[in-house]
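Everything on this sheet refers to the single structure shown next.
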Number of protein chains: 2
Amino acid sequence: MSLPHAILTALLEKPSSGLELTRRFDKSIGYFWSATHQQIYRELGKLEQAGHIRALPAPVPARGQKKEYEVLPAGRAELGDWVGRTEDPKPLRSSLLLRMRAAAMVGSAGLRAELERHLVLHRQQLEKYLAIEARDFPAERRRTEPDRLRHLVLRGGVDLERFWVEWLTGALAELGPAEH
Amino acid sequence: MSLPHAILTALLEKPSSGLELTRRFDKSIGYFWSATHQQIYRELGKLEQAGHIRALPAPVPARGQKKEYEVLPAGRAELGDWVGRTEDPKPLRSSLLLRMRAAAMVGSAGLRAELERHLVLHRQQLEKYLAIEARDFPAERRRTEPDRLRHLVLRGGVDLERFWVEWLTGALAELGPAEH
DNA sequence: GCACCTTCTGCAACTAGTTGCAGAAGAATC
DNA sequence: GATTCTTCTGCAACTAGTTGCAGAAGGTGC
């Protein structure tokens with residue numbers, strides 16, 4: 001049940017329409033909580049119904065008409081409350097690891113190529129994060145608590161990609177010599 | 001669509017009944033692809049229907065009667081095929097990171113405690129993995145390809161937990177001094 | 001001014017995963 | 001030998017997330 005809170009956070013950062021939110025999810029919040037436009041529209045409806053957000057008055061409300069939403073006090077309160085709640089980390093789910101385990105039973109044909117492909121993807125994601133870090137978090141932007149929090153989140157992304165790059169590199173090195 | 005393949009792998013490792021599978025998922029395959037008993041029973045039904053597995057003949061087939069399943073050649077073929085398929089890593093989804101980002105907007109009350117709680121949980125999981133590694137993968141068990149593959153998977157779990165432990169430790173250090 | 005394209009919103013149907021519960025089999029207890 | 005507890009299987013209903021599609025608004029080109 002994190003999607004509504006992801007949306008509230010995004011809307012607090014900047015009031016937006018459904019499509020704008022979708023775009024911002026694709027390149028910011030979505031890096032650690034992705035969502036399709038469909039989920040977002042549906043959730044916006046629910047949040048409005050619940051009185052947590054409201055649509056800014058539009059000249060002509062109609063279907064296909066852009067609607068900007070902003071967070072109401074009740075929504076901010078709900079978000080603050082949610083931040084204080086506890087929630088266990090959900091267990092890892094990696095189909096790549098599963099594939100390796102399956103490969104141990106039925107042979108690892110094609111697996112090496114897939115590991116290499118993932119390595120490239122993770123390197124790319126790492127580059128993307130590092131570019132964002134360089135652009136948005138120069139040393140002087142790490143003073144206030146909100147900035148430090150946002151930077152830590154990004155750091156999580158960076159370090160996680162680094163972890164995968166290293167693990168995949170090691171895995172390829174260990175499997176490589178045995179190939180024939 | 002990885003669950004059927006997780007089940008096929010587990011059944012190849014050892015033919016089992018639904019409940020045995022559930023237990024093994026709780027402490028082995030489930031570390032990187034978890035599933036509830038419900039999912040497993042339903043999927044066993046589908047796999048049987050598809051001719052990928054079969055129930056070993058039981059004396060008295062009836063509801064509430066234990067049923068052992070084994071993989072048929074068609075199931076093994078399907079699994080081998082699946083291992084060779086490509087699949088993009090799915091994007092990270094972490095409600096803890098989301099909480100931190102939300103905390104940047106509405107204040108970080110209670111966040112520190114939650115980070116500490118997660119740190120403990122990840123340390124515990126790390127210990128668990130290390131114990132499994134010590135027990136199941138002594139140096140001489142890392143020679144054959146299947147053993148190396150299985151060990152690499154476990155290493156992934158170990159390193160991932162280490163990553164979280166380090167990241168959480170760093171985050172607490174960075175947030176700590178600012179608390180008052 | 002009409003044909004076409006893009007942008008934006010949203011319905012509907014589907015797939016995957018979760019939760020709650022219930023019934024049969026067998027073992028344990030009295 | 002009846003009662004109760006545990007084990008095992010499974011149905012049904014629900015929640016979350018995905019995919020396909022369609023309609024309105026508004027711009028662009030001729």
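The chains referred to below are lettered A, B, ... by the order of the sequence lines, with proteins before strands, and numbering in each begins at 1. Please read these numbers as outputs of a predicted model, since none were measured by experiment.
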Side-chain N or O of Gln39(B) closer than 4.0 Å to phosphate OP1/OP2 of dT18(C): yes
N or O in side chain of Tyr41(A) less than 4.0 angstrom from dT9(C) OP1/OP2: yes
Among the candidates [options], find the nucleotide nearest to the side-chain atoms of [X].
X: His37(A); options: dG10(C), dG10(D), dT7(D); result: dG10(C)
X: Leu19(B); options: dT9(C), dT9(D), dT18(C); result: dT9(D)
X: Met1(B); options: dG17(C), dC8(D), dA16(C); result: dA16(C)
X: Arg23(A); options: dG17(C), dC8(C), dG10(C); result: dC8(C)
X: Arg93(A); options: dG17(D), dG10(D), dT18(C); result: dT18(C)

Any side-chain heavy-atom pair of His151(B) and Glu133(B) under 4.5 Å: yes
Any Leu72(B) side-chain heavy atom under 4.5 Å of Ile53(B) side chain: no
Check: dT9(C) base within 3.5 Å donor-acceptor of Arg42(A) side chain: no
Side-chain donor/acceptor of Gln38(A) to base of dG10(C), under 3.5 Å: yes
Separation of dA16(D) C1' from Ile40(A) CD1 (nearest whole Å): 14 Å
Between P of dT18(D) and CD of Glu87(B), the distance in whole Å: 13 Å
Straight-line distance of Leu47(B) CG to Gln49(B) CD, nearest 0.5 Å: 10.5 Å
Point-to-point distance, once rounded to the nearest 0.5 Å, from NE2 of His5(A) to NE2 of His52(A): 8.0 Å
